[in-house]
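Have a look at the structure below before the remarks.
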Amino acid sequence: MTNASPYPAYPTAHPVGPSPDPTPHPYHRLDRTTGRHRWWRPLVGTVLLAFAYFVMLLMLLAVSYGLGTALGAPELPDGGADLGPLGNTAMDLVSIAIGLPLVLLATLWPARRAAGTVTSVTGRLRIGWLGWSLLAGLPPILLLTVIAFFLPGGSDESDTWVGWRSFLTALAVLAALVPLQAAAEEYVFRGWLLQAVGGFLRSPWLAVIPQAVLFAAAHGWGTRWGFLGLLVNGLVMGLLTIRTGGLEAAIVLHVLNNLLAFGVSAAVVGGLSSDETAADAPWPLALTAMATDLLYAALVLWLARRREPQRLSAPSTPPAPYAHAAATA
């Protein structure tokens, strides 16, 4: 006669955490893949991101002021150090670029997922697709450059050439900092904000609207056409990000647009001292920019149909509850 034991031969292994969603998701729904999504995580992450950015910005201003004091630089009207047109522009670019690592940290916590998931559905920057996007971006930017050259400029714009030495020096600084600044804006708007809203909304058309409005508003209110141009840019880049599964296409266009704008400003005396942004664009330039954005989107979508970049997250396998117990036995 054997005594039946009330306990199972192998102990039940309880899952360590929530099971990931095995269903493939588009880019804007990646916050749903881990099984850890809660309504408060995107809200807390956004607040912490804004607070951390404010603290980092104060630290950067303190460093700038200390550097200006050491160099004997005069003060700006807002109390900051005047490092000259190129120095001030560099500090402005760095002040935006510091948002990039903060977005990655917010994705790790409180979003509780891999930092690379804010870059693409593959969890990394797809260099190959970045290169194809760059090829798609060259014709629209060239077209924008040619058309903008023939558009009438403002009456207060300088047309005095700064000289090759000053221009090449400024171009080297811009080439180093503009990609970081443009990428940071994409990680904030088309990355964090798009995925935060996408955690609640399935429709990509609705998910792209909030970040596009905030993106346009962040540049200030200049002209109605300038605001509309930025809004269209935010909508187009948001939809391209979802359609291609990552930020690569949006980063490329943003970098090319900013390099063109800053490069033109650096070519003339006093150009980098201007406080105008894309929000101040007159209607001919705004319409041209919208047309080139749409042309770029058409080229990227054409390439996406042929190159087929991964646009959905890889399906995950839920952990087997008895795997650990069986291995121990």
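For reference, positions follow the sequence shown, starting with 1.
Connection of Trp205 to Leu30 is established within a shared hydrophobic cluster, with ILVMFWY side chains joined at heavy-atom distances below 4.5 Å, either directly or through further cluster members. Leu76 and Leu60 fall into different hydrophobic clusters, where Ile, Leu, Val, Met, Phe, Trp and Tyr residues are linked whenever their side-chain heavy atoms come under 4.5 Å apart, directly or through other members. Linking ILVMFWY side-chain heavy atoms closer than 4.5 Å, directly or via other members, places Trp302 and Leu253 in a single hydrophobic cluster. Clustering ILVMFWY residues whenever any of their side-chain heavy atoms sit less than 4.5 angstrom apart, transitively, puts Leu180 in a cluster other than the one holding Leu86. In the hydrophobic cluster analysis, where Ile, Leu, Val, Met, Phe, Trp and Tyr join through side-chain heavy atoms closer than 4.5 angstrom, Leu125 is grouped together with Leu303.
Counting heavy atoms from C-beta outward, Phe262 and Asn258 have side chains that approach closer than 4.5 Å. When side chains are defined from C-beta on, His219 counts as touching Glu185, because their heavy atoms get closer than 4.5 Å. Under the 4.5 Å side-chain criterion, counting only non-hydrogen atoms from C-beta, Val197 is not in contact with Gln211. The side-chain heavy atoms of Tyr187 and Thr119, taken from C-beta on, include a pair separated by under 4.5 Å. With a 4.5 Å cut-off on side-chain heavy atoms, Leu174 and Thr89 count as touching. Looking at heavy atoms from C-beta onward, Val103 lies in side-chain contact with Thr107 at the 4.5 angstrom threshold. Side-chain atoms of Val252 and Tyr296, non-hydrogen and from C-beta on, do get closer than 4.5 Å to each other. Under the 4.5 Å side-chain criterion, counting only non-hydrogen atoms from C-beta, Glu75 is not in contact with Asp82.
Atom OG of Ser203 and atom CD1 of Ile242 lie 8.5 Å apart (nearest 0.5 Å). Atoms OH and CZ, from Tyr27 and Arg190 in turn, are 10.0 Å apart once rounded to the nearest 0.5 Å. Considering CG of Leu194 and CG of Leu239, their distance stands at 9.0 Å, rounded to 0.5 Å. Remark: Ser95 OG to Tyr53 OH distance equals 4.5 Å, nearest 0.5 Å. Rounding to the nearest 0.5 Å gives a distance of 4.0 Å between CD1 of Ile147 and CG of Leu143. Between the OG atom of Ser274 and the CG atom of Asp280 there is a distance of 7.5 Å, given to the nearest 0.5 Å.
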Which is it for Leu102 and Met56 under the side-chain contact (heavy atoms from CB on, under 4.5 Å) test, yes or no, and what are the steps along the way?
CA-CA 10 Å; Leu102 297 180; Met56 293 289 290; 4.2 Å; yes
Could you walk me through whether Leu151 and Leu285 satisfy the side-chain contact (heavy atoms from CB on, under 4.5 Å) test, starting with their C-alpha distance in whole Å, then the side-chain angles of each, then the deciding distance to 0.1 Å, before giving a yes or no?
CA-CA 7 Å; Leu151 292 177; Leu285 183 59; 4.0 Å; yes
Report the C-alpha separation of Val173 and Leu177 in whole Å, then their side-chain angles, then the decisive distance to 0.1 Å, and conclude whether the side-chain contact (heavy atoms from CB on, under 4.5 Å) test is met.
CA-CA 6 Å; Val173 174; Leu177 295 180; 4.0 Å; yes
I'd like to know whether Asn257 forms a side-chain contact (heavy atoms from CB on, under 4.5 Å) with Leu144, so could you lay out the CA-CA distance, the side-chain angles of the two residues, the decisive distance to 0.1 Å, and finally the verdict.
CA-CA 9 Å; Asn257 276 334; Leu144 177 61; 3.8 Å; yes
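Smallest separation of non-hydrogen atoms from Thr241 and Ala250: OG1-CB, 3.8 Å. Considering all non-hydrogen atoms of both residues, Leu83 and Ala73 come closest at CD2-CB, 4.5 Å. Of all non-hydrogen atoms in Gly238 and Val208, the two that sit nearest each other are C-CG1, 3.7 Å. In terms of heavy-atom proximity, Met237 sits nearest to Ala249 at SD-O, 4.4 Å. In plain terms, the two heavy atoms of Ala170 and Ala266 that are nearest each other are CB-CB, 3.8 Å. Residues Ala184 and Ala97 approach most closely at CB-CA, 3.7 Å, considering heavy atoms.
Around CH2 of Trp221, the count of heavy atoms belonging to other residues, nucleotides or ligands within 6.0 Å exceeds 12. When the shell of 6.0 Å around CZ of Arg306 is examined, it contains more than 12 heavy atoms from other residues, nucleotides or ligands. By the 6.0 Å contact criterion, OH on Tyr65 is open, its count of non-hydrogen atoms from other residues, nucleotides or ligands being 12 or less.
Checked options Leu295, Asp293, Val300; the residue passing with Pro140 is Leu295 (criterion: side chain to side chain contact (heavy atoms under 4.5 Å, CB included)). Asp31 pairs with exactly one of His25, Gln195, Arg113, Arg41 by the side-chain hydrogen bond (donor to acceptor under 3.5 Å, both in side chains) rule, that one being Arg113.
Using the six-membered ring where Trp is involved, Phe167 and Trp161 have ring planes that are tilted, between 30° and 60° apart. Between Trp225 and Trp283, the angle of the ring planes lies from 30° to 60°, which puts this pair in the tilted group.
Distance alone, capped at 3.5 Å, places no donor-acceptor pair between the Glu248 side chain and the Ser133 backbone. When atom types are taken as modelled, the side chain of Arg311 and the backbone of Arg243 share a donor-acceptor pair closer than 3.5 angstrom.
The cationic group of Arg29 does not satisfy the cation-pi geometry with Phe200, failing either the under 6.0 Å distance to the six-membered ring centre or the 45° limit from the ring axis.
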